[in-house]
Colleague: 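Attaching a single structure in structure tokens format; questions to follow.
Count residues from 1 along the sequence.
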Amino acid sequence: MNKPGKRLLILLLSFASVLSFSTIISAKEEPALKNKYRTVIEIKDWGAVITKVIIELDKPVPVNSISKDTFEVFVSKSDKRLADPFLQAGYRTVTKAFVSDQDGNRKKNGSGKYAVLEMGIGPKPDNSLGNALNYQISTGYNDWVDYQYTITQVKDIQTHACTLSGIVINQLAGEIKELVDDFSTGTFTYQDQTLTYADFAPKKDKADHPLIVWLHGAGEGGTDPTLPLSANKAVSFATDETQAYFDEAYVLVPQTPTFWMDGEVGFADGTSIYEESLMALIRDYVAKHPDIDPNRIYVGGASNGGYMTMLLIRDYPRYFAAAFPVCEGLNDDLISDDDIFNMIKTPTWFVAAANDPILPPAENVIPTYERMIQAGGQNIQLSLFDNVVDTSGLYNNPDGIPCEYNGHFSWTYLFNNVPKTTITGKATTIMEWLANQ
């Protein structure tokens, strides 16, 4: 090859090398969410639900360029604990769509490269495609499902420069668990037992703060402390509405690896193999947070957790400023008269539904409440509902009657601050009462 030819070849190779290097740099600079989606999970009365997906588009689009008909959303769900993991699959109903920033906040003008697709939800089985948890009957535990979303563009999007079409997005880039993400998680070991827990801490200031201890139900045992927050809306203790009653409170949500009802001799025998380790965790948490007011420690729980709540006020009288057991499962025939006299030392508000099919209140709540009153309990309350219905006004049957839940789910009334009574002539909700103890 002559010299001019060699020079040309060297120049071409050099240009190709630079072009290749530039391409690599450009690829690294591409946004992490390119053609991917994130899910937004909210905790509703019936549990954790995927309410939205946040997608990234190929190019910025005007704020008014998409509608709820622009994309179709298909989901397939599975549970890896099952021999046949597949649960269900189908199309979600898109109820609203808008251009947003990368965090899902709606853009009011201009253009944006992200979009939010909101989807229909509800407590009935025909809306279960959105549910992010699955309860496995054979084990009695909830767990997060595995899911795969495919978001397909079905209508063109007109931008200022071109028309976008044929976008398909099916790569998960992450999850946003609203309120759940505001909690931290940890483990605590006492003797040979390890408990996991989630906790919420108020902003640091010079004031003392109360502590709310919430004990989960039977379906939320295990080693993932996000489950007790998500399966029945315990995150509500961290909402602005609830926190306002307490002038900001710590929230501690311990988790047992099995069930609080696991007793020394049998199941729900009036004891718990976790009672000592649980109290050790609570005391350790209080000691490590000197701004917790030891005179304002409140304990409550639902079902399996209500059972443990009753054991704690029986065995540690006056440690807690108040208790709020919900559909509690400590049968009254396991409670002695001496136990009753210990229990009435803690102000207590019971919540239950008369038609509870799992833990009928005639066997526990009602007779125990009556005995506590007869023994001279001065601050013992009971909210006994006929059944459990939606109180949000959002979910009704075709006849307009509010959707009815299983009668065991009376914790929905607690988390929505529905229980109310008259105290010294004033209508008082359970959260107001609790904060005043």
Colleague: Quick check: do Lys96 and Lys52 have side-chain heavy atoms less than 4.5 Å from each other?
Modeller: no
Colleague: Determine all donor-acceptor pairs shorter than 3.5 Å in which one atom belongs to a side chain in residues 176-187; sequence neighbours excluded.
Modeller:
{"from": "Lys177", "atom 1": "NZ", "to": "Glu175", "atom 2": "OE1", "distance (Å)": "2.7"}
{"from": "Asp181", "atom 1": "OD2", "to": "Lys177", "atom 2": "N", "distance (Å)": "2.8"}

Colleague: Not counting sequence neighbours, which residues clear ring pair (Phe, Tyr, Trp, His ring centres under 6.0 Å) with Tyr91? List them please.
Modeller: Phe74
Colleague: Applying ring pair (Phe, Tyr, Trp, His ring centres under 6.0 Å), can you list everything that pairs with Phe86, at least two apart in sequence or on another chain?
Modeller: none
Colleague: Taking side-chain contact (heavy atoms from CB on, under 4.5 Å) as the definition, give me every residue that meets it alongside Pro257, ordered by chain and number, with sequence neighbours left out.
Modeller: Leu195, Tyr274
Colleague: Apply side-chain hydrogen bond (donor to acceptor under 3.5 Å, both in side chains) to the pair Tyr307 and Asn364, showing each step before the final yes or no.
Modeller: CA-CA 10 Å; Tyr307 170 91; Asn364 37 66; over 6 Å; no
Colleague: Name all residues meeting the side-chain hydrogen bond (donor to acceptor under 3.5 Å, both in side chains) criterion together with Ser303; count only those two or more places apart in sequence or in a different chain, and write none if there are none.
Modeller: His408
Colleague: Run the side chain to side chain contact (heavy atoms under 4.5 Å, CB included) test on Leu278 and Trp260 for me, step by step, so that the C-alpha distance in whole Å, both residues' side-chain angles and the decisive distance to 0.1 Å come before the verdict.
Modeller: CA-CA 10 Å; Leu278 173 59; Trp260 300 120; 4.0 Å; yes
Colleague: With sequence neighbours left out, what residues match Thr226 under side-chain hydrogen bond (donor to acceptor under 3.5 Å, both in side chains)?
Modeller: Trp144, Asp224
Colleague: Sequence neighbours left out, what passes ring pair (Phe, Tyr, Trp, His ring centres under 6.0 Å) with His209? Give chain and number order.
Modeller: none
Colleague: With a 4.5 Å heavy-atom cut-off, do Cys327 and Val365 have their side chains touching?
Modeller: no
Colleague: Taking the ring of Trp411 and the ring of Phe409, is the distance between their centroids below 6.0 Å?
Modeller: yes
Colleague: Do Glu328 and Thr309 meet the criterion of a side-chain donor-acceptor pair at a distance under 3.5 Å?
Modeller: no
Colleague: Between atom CG of Asp284 and atom NE2 of His289, what is the distance when rounded to the nearest 0.5 Å?
Modeller: 9.5 Å
Colleague: Thr139: which residues meet the side-chain contact (heavy atoms from CB on, under 4.5 Å) condition with it, sequence neighbours left out?
Modeller: Arg81, Gln136, Tyr141
Colleague: What pairs with Trp46 under side-chain hydrogen bond (donor to acceptor under 3.5 Å, both in side chains), at least two apart in sequence or on another chain?
Modeller: Asn131
Colleague: May I have the step-by-step check of side chain to side chain contact (heavy atoms under 4.5 Å, CB included) for Leu227 and Leu133, ending in yes or no?
Modeller: CA-CA 9 Å; Leu227 292 171; Leu133 293 171; 3.6 Å; yes
Colleague: Compile the donor-acceptor pairs under 3.5 Å between side chains in residues 429-437 and protein atoms, sequence neighbours left out, one pair per line.
Modeller:
{"from": "Thr429", "atom 1": "OG1", "to": "Asn417", "atom 2": "OD1", "distance (Å)": "3.3"}
{"from": "Thr429", "atom 1": "OG1", "to": "Asn417", "atom 2": "ND2", "distance (Å)": "3.1"}
{"from": "Thr429", "atom 1": "OG1", "to": "Glu432", "atom 2": "N", "distance (Å)": "3.3"}
{"from": "Thr429", "atom 1": "OG1", "to": "Glu432", "atom 2": "OE1", "distance (Å)": "3.2"}
{"from": "Glu432", "atom 1": "OE1", "to": "Thr429", "atom 2": "N", "distance (Å)": "2.8"}
{"from": "Trp433", "atom 1": "NE1", "to": "Asn379", "atom 2": "OD1", "distance (Å)": "3.0"}
{"from": "Asn436", "atom 1": "ND2", "to": "Glu432", "atom 2": "O", "distance (Å)": "3.0"}
{"from": "Gln437", "atom 1": "OE1", "to": "Asn379", "atom 2": "ND2", "distance (Å)": "2.9"}
{"from": "Gln437", "atom 1": "NE2", "to": "Trp433", "atom 2": "O", "distance (Å)": "2.8"}

Colleague: Does Glu56 pair with Lys36 as a salt bridge, N-O distance under 4.0 Å?
Modeller: no
Colleague: Aromatic ring centroids of Phe237 and Phe200 under 6.0 Å?
Modeller: no
Colleague: Do Leu312 and Glu275 come within less than 4.5 Å of each other through their side chains, counting heavy atoms only?
Modeller: yes
Colleague: Apply side-chain hydrogen bond (donor to acceptor under 3.5 Å, both in side chains) to Gln193 and list each qualifying residue two or more places apart in sequence or on a separate chain.
Modeller: Ser277
Colleague: Got a sec, which residues hit ring pair (Phe, Tyr, Trp, His ring centres under 6.0 Å) with Tyr369, two or more places apart in sequence or on another chain?
Modeller: none
